Amino acid sequence: MKLITAVIQQHKLKDVRQALQEEDIKSMTISTVMGSGSTDSYIETYRGVRREIHLTKQVKVEIAVNDDLLERAIDAIISASRTGEGNDGKIFVVELEQCIRIRTLERGAKAV
């Protein structure tokens with residue numbers, strides 16, 4: 001089992017969710033996050049006040065998958081979120097030691 005964490009642009013969330021659902025991957029956790037990557041800061045004017053913005057709003061998508069779905073999930077995220085320009089995001093994959101479904105007490109691959 002693996003845990004995929006993808007940090008993507010906010011406006012790409014709908015496309016990523018649809019691409020994952022087409023691969024029969026429906027369970028995910030989505031969070032709004034802020035971060036700074038390789039892009040520089042920019043100036044924003046809000047209510048007449050100019051501010052330098054160092055962090056950008058992004059979306060973090062977390063998905064637990066069995067090993068046989070890993071590459072399909074990664075490919076779906078890349079194809080749906082990639083614009084080819086800066087700040088497309090990143091994907092992190094880590095080994096998932098355990099997964100337990102609280103309602104049924106299933107463990108391991110069955111719980112994912």
Side-chain angles (χ1 to χ4, degrees):
M1 294 180 297
K2 303 286 191 268
L3 178 64
I4 302 171
T5 302
V7 180
I8 60 171
Q9 294 182 24
Q10 287 182 316
H11 70 278
K12 289 297 196 172
L13 177 59
K14 182 178 178 182
D15 297 336
V16 169
R17 285 186 66 210
Q18 182 176 348
L20 288 167
Q21 286 179 351
E22 289 172 4
E23 294 297 332
D24 204 31
I25 300 169
K26 297 179 175 93
S27 298
M28 61 190 77
T29 301
I30 300 169
S31 308
T32 302
V33 296
M34 295 186 74
S36 63
S38 58
T39 56
D40 292 333
S41 61
Y42 61 95
I43 303 296
E44 179 179 272
T45 303
Y46 179 71
R47 295 186 177 182
V49 177
R50 291 174 49 96
R51 302 184 302 165
E52 186 174 9
I53 306 298
H54 298 281
L55 301 174
T56 58
K57 291 182 182 177
Q58 297 172 314
V59 175
K60 180 169 70 171
V61 181
E62 296 174 298
I63 311 156
V65 295
N66 291 319
D67 292 338
D68 60 326
L69 289 176
L70 178 63
E71 290 304 319
R72 288 175 34 202
I74 291 171
D75 291 343
I77 294 167
I78 290 171
S79 67
S81 64
R82 188 166 190 258
T83 66
E85 298 181 15
N87 218 19
D88 273 350
K90 289 204 168 66
I91 299 173
F92 306 97
V93 179
V94 295
E95 188 69 33
L96 188 59
E97 190 173 317
Q98 283 193 58
C99 182
I100 303 162
R101 187 178 309 246
I102 295 171
R103 178 177 52 87
T104 62
L105 301 178
E106 294 172 304
R107 291 177 178 257
K110 291 181 181 181
V112 174

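All residue numbers in this chain count up from 1 along the given sequence. Predicted, not measured: the structure shown is a model, and the values here were computed from it.
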Transitively linked via ILVMFWY side-chain contacts under 4.5 Å: Leu20 with Ile30?
yes

For Lys2, is the NZ atom crowded, meaning more than 12 foreign heavy atoms sit under 6.0 Å from it?
yes

In the single-linkage hydrophobic clustering (I, L, V, M, F, W, Y; side-chain heavy atoms under 4.5 Å), do Ile74 and Ile8 co-cluster?
yes

Linking I/L/V/M/F/W/Y whenever their side-chain heavy atoms sit closer than 4.5 Å, directly or via other members, would Met1 and Leu70 fall into one cluster?
no

Going from OG1 on Thr29 to NZ on Lys60, what distance comes out if it is rounded to the nearest 0.5 angstrom?
9.5 Å

Ile102 atom CD1, over 12 foreign heavy atoms within 6.0 Å
no

Inter-residue atom distance Glu95.CD - Leu3.CG, 0.5 Å rounding:
10.5 Å

Nearest-0.5 Å distance, SG of residue Cys99 to NZ of residue Lys110:
13.5 Å

Could you go step by step and tell me if Gln10 and Thr32 meet the side chain to side chain contact (heavy atoms under 4.5 Å, CB included) rule?
CA-CA 8 Å; Gln10 287 182 316; Thr32 302; 4.0 Å; yes

Rounding to 0.5 Å, atoms CZ (Arg17) and NZ (Lys14) come to a distance of 10.0 Å

Under 3.5 Å, is there a donor-acceptor pair between the side chain of Asp88 and the main chain of Arg82?
no

Heavy-atom pair with the smallest gap, counting every atom of Ala19 and Ala76
CB-O, 3.7 Å

Hey, is the main chain of Glu85 close enough, under 3.5 Å, to the side chain of Thr83 for a donor-acceptor pair?
yes

Glu97, CD: over 12 other non-hydrogen atoms inside 6.0 angstrom
no

Crowding at CZ, Arg101 (>12 non-hydrogen neighbours, <6.0 Å):
yes

Rounded to the nearest 0.5 Å, how far apart are CD1 of Ile77 and CG of Asp15?
13.0 Å

With clusters defined by side-chain heavy atoms of hydrophobic residues (ILVMFWY) lying less than 4.5 Å apart, directly or transitively, does Leu69 cluster with Ile91?
yes

Determine the minimum heavy-atom distance between Val65 and Ala73, stating which atoms define it.
CG1-CB, 4.4 Å

Reported CD1-to-CD distance for the pair Ile78 and Glu71, which is rounded to 0.5 angstrom:
8.5 Å

Are Ile4 and Met28 connected into the same hydrophobic cluster when the rule is that any two of I, L, V, M, F, W, Y join if their side-chain heavy atoms are below 4.5 Å apart?
yes

If you look at every heavy atom in Ile63 and Ser27, which pair is closest and at what distance?
CG2-O, 3.7 Å

Is the closest basic N to carboxylate O distance between Asp24 and Lys26 below 4.0 Å?
yes

